[in-house]
Amino acid sequence: MGLKTKYQYTYFIHPYIVDKSKYDKYILKLFKDKRCNFKIFEKEKDMNIYNHFLPHFRNYVFPTFELRDEKLKEFNTFSKEVQSKLVANQSCACFIYNLAETVKGKVDGNDSGIFFNIEKIEIICFKTGICFFTIKTNIEGSSDFYDVLDFNYKFKDINSEFSSLKNFENIRIQTNKFKDVKDISELIGQITGIYNRKKMAGVNKELINERFYTFSYTCLESEHWNDKNDLDNISADFYRYSNVFPSNYSSDFNKESLDGNLSIIDKYKYYRISLTKLSSNLLCSGMDTYNFTKLPFEYETEYFYTYIIALYQKIFLRRLSLNFKIYDKIPIIRKEFTDFTKLLWEKEVTLSDTGTKYYKTLKEVLELDELYEEIKNKYEVIYKDLNIERNNVYFTVLIMLLIFSLVLNLMNILMIFYLLT
């Protein structure tokens with residue numbers, strides 16, 4: 001008997017870059033889009049997020065927590081232009097993209113396909129121009145765990161060049177809103193402002209992976225994982241899920257090789273969080289009621305935004321590293337790197353033990369510490385070179401002034417000598 005799921009959802013995350021000089025206009029575009037609603041976080045409604053993140057990170061990622069009472073009333077009286085200008089000056093802004101209908105679809109377009117819903121689309125923008133397009137999906141009408149594996153594996157590529165390589169890998173969506181996968185790619189293009197894949201590759205090739213990042217939650221029925229049947233009994237499926245592999249991926253894969261690219265948080269008995277460079281996946285058992293009541297909500301709020309923060313840091317640092325190739329940008333890079341260090345790098349995200357463990361593991365998997373040190377070392381080397389060049393210029397100017405002074409003094413002496421004779 002195959003594995004059965006009790007509850008499941010998957011977020012697919014697509015980062016993109018908005019030119020900083022056009023960021024204000026982009027935020028205004030979202031405000032004017034009737035399908036977009038500016039998301040305001042509220043202490044009462046979003047209490048778990050408010051309590052989870054420490055004040056500094058909370059203020060950076062969720063500045064609208066402070067938009068309350070009279071401030072909120074005043075904000076709502078402003079025009080879209082004024083609102084967008086105020087929001088564009090904040091460190092981060094979130095929008096909900098409203099679909100005209102519940103989007104239903106299926107994989108492979110036949111009667112045996114995998115049906116799914118697109119429940120929510122969210123846009124998260126940082127003032128630096130680094131943004132994230134996120135889609136929340138869930139499988140409909142099936143509790144087969146293999147459907148989750150196959151869906152996650154196929155959906156992650158719908159916005160990449162791989163989507164058109166093989167017909168059986170395509171996702172055909174049957175709905176009035178989206179007729180096929182191209183419609184989702186077009187929607188992404190409309191929201192991000194990047195319609196052409198070649199253009200996207202040219203602008204973001206070294207920063208953005210075309211494949212979606214996968215952020216998935218799945219709770220298995222308790223009969224598969226309990227006191228008598230531990231996780232080792234389903235280890236092959238766990239590794240498929242963790243690495244976003246399809247259900248038919250060979251079960252004799254090299255476990256040691258996979259472990260080298262995978263980090264697992266196993267603090268609790270009946271749930272595991274597995275992290276790779278392109279995914280964060282949680283698998284749990286229905287043995288613990290917490291796992292299918294509170295945990296799915298916590299994972300898609302507290303853990304989700306922690307994941308976004310880590311991805312943001314990675315892209316930001318990589319962009320800084322690439323900009324070191326342009327000497328004229330060194331002063332700008334210095335300020336950006338200093339601000340990043342003060343605002344995000346030297347701060348704790350949360351006091352939660354599990355939340356702290358999750359964030360630290362993310363940093364390790366995404367190699368953020370190594371990237372940070374690389375940039376720090378690059379800057380120190382270049383800064384020394386600039387100082388040497390600057391000192392050489394000062395020395396040259398000093399020599400020229402000295403020569404000029406000597407020539408001037410010599411002329412004065414000759415003039416005096418001439419007058420005396």
Side-chain angles (χ1 to χ4, degrees), residues 11 13-103 118-136 177 187-194 297 300-302 304-306 308-309 312 316 336 339-340 342-344 347 349-350:
Y11 280 82
I13 303 168
H14 171 65
Y16 60 100
I17 306 293
V18 174
D19 190 307
K20 286 189 285 186
S21 65
K22 300 176 182 178
Y23 181 73
D24 289 10
K25 291 182 179 180
Y26 180 70
I27 295 298
L28 177 59
K29 170 192 168 185
L30 294 180
F31 264 95
K32 287 188 172 182
D33 191 330
K34 294 180 180 179
R35 295 161 296 184
C36 284
N37 287 337
F38 178 55
K39 185 174 181 178
I40 297 176
F41 290 88
E42 303 173 24
K43 293 180 181 179
E44 297 79 10
K45 185 181 66 176
D46 304 297
M47 182 62 71
N48 65 313
I49 293 177
Y50 187 86
N51 289 334
H52 179 78
F53 291 96
L54 287 171
H56 193 84
F57 264 95
R58 187 172 64 228
N59 293 338
Y60 191 89
V61 184
F62 315 100
T64 53
F65 269 126
E66 301 305 316
L67 195 61
R68 294 170 57 83
D69 304 326
E70 294 303 318
K71 288 184 180 180
L72 180 57
K73 290 180 181 179
E74 183 181 17
F75 179 82
N76 288 331
T77 64
F78 296 148
S79 65
K80 296 293 184 184
E81 288 77 10
V82 174
Q83 288 180 341
S84 69
K85 188 174 182 179
L86 292 171
V87 170
N89 285 324
Q90 293 181 331
S91 50
C92 184
C94 298
F95 296 84
I96 298 295
Y97 186 90
N98 297 305
L99 298 166
E101 58 179 292
T102 300
V103 177
I118 294 178
E119 291 191 353
K120 181 172 67 173
I121 294 177
E122 187 170 352
I123 306 159
I124 304 168
C125 297
F126 290 88
K127 191 178 179 181
T128 56
I130 298 171
C131 303
F132 298 88
F133 174 92
T134 73
I135 305 176
K136 181 185 179 182
K177 183 65 179 177
L187 173 64
I188 294 173
Q190 291 170 12
I191 292 176
T192 64
I194 301 172
F297 177 71
E300 71 173 325
T301 51
E302 300 161 19
F304 176 77
Y305 286 108
T306 302
I308 292 294
I309 289 169
Y312 169 75
F316 182 87
E336 290 182 344
D339 290 344
F340 173 83
K342 290 179 179 179
L343 294 174
L344 292 179
K347 306 291 183 180
V349 173
T350 180

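Keep in mind the model is a prediction, meaning the values are calculated, not measured.
Residues A88 and K127 share a closest heavy-atom pair of O-CG, 3.6 Å. The shortest non-hydrogen separation linking F133 to Y16 is N-CE2, 3.7 Å. G129 approaches K20 most closely through the heavy-atom pair N-CG, 4.4 Å. For F57 against K347, the heavy-atom pair with the smallest separation is CE1-O, 3.5 Å. Among all heavy-atom pairs drawn from I96 and K120, the shortest one is CD1-CD, 4.3 Å. The two residues F126 and C131 have their closest heavy-atom pair at N-SG, 4.5 Å.
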Checklist entry - Does the side-chain contact (heavy atoms from CB on, under 4.5 Å) test come out yes or no for I13 and F304, once each step is laid out? => result CA-CA 10 Å; I13 303 168; F304 176 77; 3.9 Å; yes
Checklist entry - Going through the checks in order, is the side-chain contact (heavy atoms from CB on, under 4.5 Å) test met by L344 and Y312? => result CA-CA 10 Å; L344 292 179; Y312 169 75; 3.6 Å; yes
Checklist entry - Are F53 and I309 close enough, and set up right, to give a side-chain contact (heavy atoms from CB on, under 4.5 Å), and what steps lead you there? => result CA-CA 11 Å; F53 291 96; I309 289 169; 3.9 Å; yes
Next on the checklist: Let's go through E336 and T128 carefully: what are the C-alpha distance in whole Å and the side-chain angles of both, what is the deciding distance for side-chain contact (heavy atoms from CB on, under 4.5 Å) to 0.1 Å, and is it a yes or a no?
Outcome noted: CA-CA 9 Å; E336 290 182 344; T128 56; over 6 Å; no
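Ring-plane geometry between F65 and Y50 is classed as perpendicular, the angle between the planes exceeding 60 degrees on a 0 to 90 degree scale with a lower cut at 30.
Ion pairing of R68 with E42 is absent here, as no side-chain N (NZ or NE/NH1/NH2) approaches a carboxylate O to less than 4.0 Å.
In this structure, SG in C36 is found 7.5 Å from CG in N98, a value given to the nearest 0.5 Å. Here D46 contributes atom CG and N48 contributes atom CG; the two are 7.0 Å apart, rounded to the nearest 0.5 Å. The structure places NZ of K85 at 7.5 Å from CG of N89, a figure rounded to the nearest 0.5 Å. One finds the CD1 atom of I121 at 8.0 Å from the OG1 atom of T134 (value rounded to the nearest 0.5 Å). To the nearest 0.5 Å, atom CG of residue L86 and atom CD of residue E74 are 9.0 Å apart. From L30, atom CG reaches atom CD1 of I123 across 5.0 Å, with rounding to the nearest 0.5 Å.
Under the 3.5 Å distance criterion, the side-chain polar atoms of D33 are left unmatched by any main-chain donor or acceptor of K29. Within the 3.5 Å criterion, the main-chain N or O of V82 finds a donor-acceptor partner in the side chain of S79. With hydrogens and angles ignored, the 3.5 Å screen pairs no side-chain donor or acceptor of E81 with any backbone N or O of L28. With hydrogens and angles ignored, the 3.5 Å screen pairs no side-chain donor or acceptor of S84 with any backbone N or O of I27.
Here the side chains of T64 and Q90 are in contact, with some heavy-atom distance below 4.5 Å. Under the 4.5 Å side-chain criterion, counting only non-hydrogen atoms from C-beta, Y11 is in contact with K136. A heavy-atom distance below 4.5 Å is not found between the side chains of F95 and I191. Proximity of T192 to H14: side-chain heavy atoms (C-beta onward) are separated by under 4.5 Å at one or more points. Counting heavy atoms from C-beta on, the side chains of L343 and S91 never come closer than 4.5 Å. By the 4.5 Å heavy-atom criterion applied to side chains, N59 and E66 are counted as neighbours. Looking at heavy atoms from C-beta onward, L67 lies out of side-chain contact with F41 at the 4.5 angstrom threshold. Side-chain contact between T350 and E302 is absent, with no heavy-atom pair separated by less than 4.5 Å.
Heavy atoms from other residues, nucleotides or ligands lying under 6.0 Å from NZ of K71 number 12 at most.
Considering Y26, F38, F78 as possible partners of F31, the one that fulfils the ring pair (Phe, Tyr, Trp, His ring centres under 6.0 Å) test is F38.
Within the 6.0 Å centre-distance limit, the rings of Y305 and F62 are counted as a close aromatic pair.
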